[in-house]
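Position 1 is the first residue of the sequence; numbering continues from there.
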Amino acid sequence: MLEKMNERVTEEYSRFGDVASGLRVFVEQLSNKNRSFEDYVQQIDTIDQQVTEFEAVVSKLDEYVSMLEKKVVSAYQSTASEQSISNYTR
């Protein structure tokens, strides 16, 4: 009976060894895939930084355009009121 128990335990440990070996291969494959994605992650980080900088530039341009719009409206209103004054004085 002891011999059968030893054989059974040997089989179990053999299966554990096979599982561990399979896991080792799986971990190596995942590690290789992870390294292959590092380039893509770096590219994504670079694009993200560029988008952030682009958004800042767009925000500044939007502020500038708003200021120009106000100046144009102000100049138009000033010109319109000068014309109505000159028409009134005629």
Side-chain angles (χ1 to χ4, degrees):
M1 177 145 167
L2 187 59
E3 188 176 323
K4 284 185 180 181
M5 287 175 58
N6 282 340
E7 287 175 6
R8 178 101 172 140
V9 169
T10 301
E11 288 174 11
E12 286 294 318
Y13 280 124
S14 177
R15 280 189 241 143
F16 289 150
D18 292 343
V19 168
S21 178
L23 287 174
R24 183 185 54 80
V25 169
F26 180 69
V27 167
E28 287 175 3
Q29 289 173 345
L30 285 178
S31 180
N32 289 336
K33 286 180 182 179
N34 185 40
R35 279 192 290 274
S36 71
F37 282 116
E38 287 177 5
D39 290 338
Y40 296 116
V41 170
Q42 180 60 37
Q43 290 175 9
I44 290 169
D45 289 342
T46 300
I47 290 169
D48 183 52
Q49 179 63 34
Q50 291 172 345
V51 167
T52 300
E53 292 169 1
F54 182 68
E55 287 173 340
V57 169
V58 167
S59 177
K60 290 290 184 187
L61 285 173
D62 188 47
E63 291 173 14
Y64 183 70
V65 167
S66 293
M67 181 196 64
L68 287 178
E69 287 176 344
K70 288 176 186 175
K71 284 185 176 183
V72 167
V73 167
S74 175
Y76 177 75
Q77 289 173 347
S78 176
T79 304
S81 72
E82 286 175 7
Q83 287 178 351
S84 76
I85 291 172
S86 76
N87 287 339
Y88 179 72
T89 58
R90 285 187 193 171

Hydrophobic cluster membership, with links at side-chain heavy-atom distances under 4.5 Å among I/L/V/M/F/W/Y: are Val9 and Phe16 in one? yes
Which salt bridge (Lys or Arg N to Asp or Glu O under 4.0 Å) pairs, counting each pair once, include a residue from residues 64-79, with sequence neighbours left out? none
Remaining members of hydrophobic cluster (4.5 Å side-chain criterion), Val27: none
Where at least one partner belongs to residues 4-22, residue pairs that pass salt bridge (Lys or Arg N to Asp or Glu O under 4.0 Å), sequence neighbours excluded: Glu11-Arg15, Glu12-Arg15
List, by chain and number, the other hydrophobic cluster members for Met67, where Ile, Leu, Val, Met, Phe, Trp and Tyr join if side-chain heavy atoms come within less than 4.5 Å, directly or indirectly. Tyr64, Leu68
Return the set of residues passing side-chain hydrogen bond (donor to acceptor under 3.5 Å, both in side chains) with Gln29 (not counting sequence neighbours), or none when no residue passes. none
Using 0.5 Å steps for rounding, measure from the CG atom of Leu61 to the CZ atom of Phe54. 8.5 Å
Are any side-chain N or O atoms of Thr10 and backbone N or O atoms of Asn6, one a donor and one an acceptor, separated by less than 3.5 Å? yes
Got a sec, which hydrophobics cluster with Val72, joining ILVMFWY side chains under 4.5 Å apart, including via others? none
Of all residues at least two apart in sequence or in a different chain, which pass the side-chain contact (heavy atoms from CB on, under 4.5 Å) check with Thr46? Gln42, Gln50
side-chain contact (heavy atoms from CB on, under 4.5 Å) partners of Tyr40, counting only residues at least two apart: Phe37, Gln43
Glu38 meets the salt bridge (Lys or Arg N to Asp or Glu O under 4.0 Å) criterion, sequence neighbours left out, with none
Those residues at least two apart in sequence (or on a different chain) that pass side-chain hydrogen bond (donor to acceptor under 3.5 Å, both in side chains) with Ser31 are Arg35
Using only atom types and a distance under 3.5 Å, with no angle test, would you say the side chain of Ser78 pairs donor to acceptor with the backbone of Ala75? no
Pairs where residues 53-63 contributes a residue and the test side-chain hydrogen bond (donor to acceptor under 3.5 Å, both in side chains) is met, not counting sequence neighbours: Gln49-Glu53
ILVMFWY clustering at 4.5 Å (side-chain atoms), partners of Val65: none
